[in-house]
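Please read all numbers here as calculations on a predicted model, not as lab measurements.
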Amino acid sequence: MAHDDTNTPRRTVGAPEMSWFGWGDPARARSLDPGLRDLIAQVLRARPQDMPPVPEGEVRLPAPRLDPRVRARLAAVTGEAHLADDDATRLRHCGGKSTPDLLLRRAGSADPAPDAVLYPADHDEVLRLLEVCSDEGVAVVPFGGGTSVVGGLTPLRGGFDAVVALDLRRLDRLVSFDPVSMTAVLGAGVRTPRAEAVLAEHGCTLGHMPQSYEYATIGGYAATRSSGQASSGYGRFEDMVVSLRAATPRGTLAAGGPPASAAGPDLRHLLLGSEGTLGVITEVGVRVRRRPETVLDEAWSFPDFPTGATALRALAQSDTRPTMARVLDESETFVGAALAGREATPGCQAVVGFEGTEAEVAARAAAVGAVLAAAGGTRLGPEPVAHWRENRFSAPYLRDTLLSAGILAETLETAASWTDLLPLHAAVSDALTSALEGDEGGAVVMCHVSHTYSTGASLYFTVATAAGAAPLDRWERAKRAASDAIVAHGGTITHHHAVGTDHRPWMAEEIGALGADVLRAAKSALDPRGVLNPGKLIPGPQE
């Protein structure tokens, strides 16, 4: 295939290049308001201290270790214009956007880093690159939007001499659209805004809107089993997937297509959540929906978090469901009001949203309102939701601003049955608070229920604390304590952030020894040499 050398691979299609030391577009970085700085000092019992990143030129990268002969073989597949091994490109592919990732980079360390970055044009080029890497013993880290917060993009070598990042941004097109079946096939490198734009031309929407919406890719959603804010109405991303195509060192694996099948286990679910360890997803078939005529948001107030959670359970177990439903605990309700510059509502706040025709929205809002009122809720109207909507995708920028001021702000998530949910909330909150309390200050632990099911719900925690003298150790201690509490109290180690390296130590306990053997067997069948994203997801010795 001829190479499109006019497509400069280092420019992200449809969005600015991500910052090397923070989230998103550097031009959108936020400053820390003096009032917020004072509030942080009061609540955390620690004064913010400047902790800026080192200049990019001072970041330490290991020298590239890709053998020239192997490099030539890879360049023969992509074309020289689509293989990069300069420091700037390697730095921007040396991990994701978790607080540990950013702490290391901001301190000047980019080790490990990929030895080169490859930009394949299509599925066939991905296949050929994997063939070369498997033949030559080169580890491969698939790279979509770069938004992982669990170590899923750390370029571990896994015992091999070299590692490359496989950036899929050129797989950025609508492959096909079926208006009769209401399905579309998208390239794995399509970012969500572009997906929505091309689907809008057909009057349709995917309806998947996680906080990583602006940068995350369709392939990344499938590989991590993503969940968006409107999951109550649209479902998780895995619920939207009708087919998948993946390249592996053994060849092409295609799964799904018909609306239902009894032809053995559904191999889509072997690839969904596989995090690049079993194959590189190159195309995703999804079901789509007509764009809604109208959207309605409403905020509700409840006396306390248990009452609010019980109200969402009543909705989830009823025949009436909003498109979006979440409830904030008391801490997150207070902080959210402070950031919006308004007086906090006593107790906790819930948010529900509706999409559809005007008649559908009106009917569902009335039915949902009746359930919430019967459960002890008070309607606040749409206004409190407006600030959240406006700032939904800018919250990660505030995380970076706080980090520059010496404040760690990080998230973690889990899910559990309704029976276990409130005890789990208390246990994880206590674990985080205990791990972070001390001479260096305290911590604010906030949580909300963001995704509900008939049998249970997710818990999404946000933690803010002073960075202290050893911020990386401080956060890792807290994350271990929270993860241990999650496993001990019936939660899953991850609901939608994925496993990566961060959650891998708890995987064997969650899926059991036999489950781990099954994953390893699939790995052996599809990736015999183990070059695909080593050190992630699958329980085993640490690389």
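Partners of H495 under the ring pair (Phe, Tyr, Trp, His ring centres under 6.0 Å) rule, at least two apart in sequence or in another chain, are H451, Y453. Y397 meets the side-chain hydrogen bond (donor to acceptor under 3.5 Å, both in side chains) test with no other residue; sequence neighbours excluded. Remark: S148 engages no residue in a side-chain hydrogen bond (donor to acceptor under 3.5 Å, both in side chains) (not counting sequence neighbours). Looking at residues two or more places apart in sequence or on another chain, you find a side-chain contact (heavy atoms from CB on, under 4.5 Å) between L380 and A299, S301, T345, Q349, P384. F160 is linked by a ring pair (Phe, Tyr, Trp, His ring centres under 6.0 Å) to nothing, counting only residues two or more places apart in sequence or in another chain. Here H269 pairs with nothing under the side-chain hydrogen bond (donor to acceptor under 3.5 Å, both in side chains) rule; sequence neighbours left out. Partners of E283 by salt bridge (Lys or Arg N to Asp or Glu O under 4.0 Å), not counting sequence neighbours, listed by chain and number: R245. Under the side-chain contact (heavy atoms from CB on, under 4.5 Å) criterion, R520 pairs with A516, D517, I538, P539, not counting sequence neighbours. In this structure, the ring pair (Phe, Tyr, Trp, His ring centres under 6.0 Å) partners of F237, at least two apart in sequence or on a different chain, are H208, Y221. Qualifying side-chain hydrogen bond (donor to acceptor under 3.5 Å, both in side chains) partners for E293, counting only residues two or more places apart in sequence or in other chains: none. Taking the ring pair (Phe, Tyr, Trp, His ring centres under 6.0 Å) definition, one finds that H93 meets it with F143, sequence neighbours left out.
Sequence neighbours left out, the pairs with a member in residues 173-206 that pass ring-ring contact (aromatic ring centres under 6.0 Å, His included) are F177-H202.
Across all non-hydrogen atoms, the minimal contact from R191 to T217 is CG-CG2, 3.9 Å. Heavy atoms only, all atoms of each residue included: G219 and I281 are closest at O-CD1, 4.3 Å. For N533 against G276, the heavy-atom pair with the smallest separation is CB-O, 3.5 Å. Heavy atoms only, all atoms of each residue included: G207 and A230 are closest at O-CB, 4.1 Å. Between V371 and A314 the shortest heavy-atom distance is CG1-CB, 3.9 Å.
Here L422 contributes atom CG and L424 contributes atom CG; the two are 9.5 Å apart, rounded to the nearest 0.5 Å. Interatomic distance, CG of L278 versus OG of S524, reported as 11.0 Å (0.5 Å rounding).
Side chain to side chain, S458 and E413 fail the donor-acceptor criterion of an N or O pair below 3.5 Å. A side-chain donor from one of D329 and H425 sits under 3.5 Å from a side-chain acceptor of the other. Side-chain contact annotation: S417 with T455, donor-acceptor N/O pair under 3.5 Å absent. Q229 and R326 form no side-chain donor-acceptor contact under 3.5 Å, judged by distance and modelled atom types alone. Side-chain contact of T252 with H123: a donor-acceptor pair under 3.5 Å is present, judged by distance alone. Looking at T323 and R364, their side chains do bring a donor and an acceptor atom within 3.5 Å of each other. For the residue pair E196 / T205, a side-chain donor-acceptor distance below 3.5 Å is found, with atom types taken as modelled.
For the pair E275 and R225, the salt-bridge criterion is not met [side-chain N within less than 4.0 Å of a carboxylate O].
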- [ ] Step by step, work out the side chain to side chain donor-acceptor pair (under 3.5 Å) result for Y460 and T411.
- [x] CA-CA 7 Å; Y460 194 93; T411 61; 3.2 Å; yes
Open item on the list: Walk me through whether H448 and F305 qualify under ring-ring contact (aromatic ring centres under 6.0 Å, His included).
Closed with: CA-CA 9 Å; H448 64 264; F305 185 61; 9.5 Å; no
- [ ] Could you walk me through whether V190 and L171 pass the side chain to side chain contact (heavy atoms under 4.5 Å, CB included) test, one step at a time?
- [x] CA-CA 7 Å; V190 176; L171 279 67; over 6 Å; no
Task: Stepwise side chain to side chain donor-acceptor pair (under 3.5 Å) check, E510 with T492 - done: CA-CA 7 Å; E510 174 147 339; T492 175; 2.7 Å; yes
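T192 places a side-chain N or O within donor-acceptor distance of the main-chain N or O of A216, the cut-off being under 3.5 Å. Under a 3.5 Å cut-off, the side chain of D101 and the backbone N or O of G95 do not form any donor-acceptor pair. At distances below 3.5 Å, not a single donor-acceptor pair connects side-chain atoms of R268 with backbone N or O atoms of L244. Remark: side-chain polar atoms of R170 are paired, donor with acceptor, to backbone N or O of Y119 under 3.5 angstrom. The backbone N or O of N391 lies less than 3.5 Å from a partner atom in the side chain of S394, making a donor-acceptor pair.
With K536 as the partner, the side chain to side chain contact (heavy atoms under 4.5 Å, CB included) test is satisfied by one option alone out of L153, V150, L156, V499: L156.
Around the CD atom of E358, the shell of radius 6.0 Å holds no more than 12 heavy atoms that belong to other residues, nucleotides or ligands. Within 6.0 Å of atom CZ in R250, 12 or fewer heavy atoms from other residues, nucleotides or ligands are found, so the atom counts as exposed in its surroundings.
The shortest distance between side-chain heavy atoms of T147 and Q211 does not fall below 4.5 Å.
Between W23 and Y215, the angle of the ring planes goes over 60°, which puts this pair in the perpendicular group of the 30/60° scheme.
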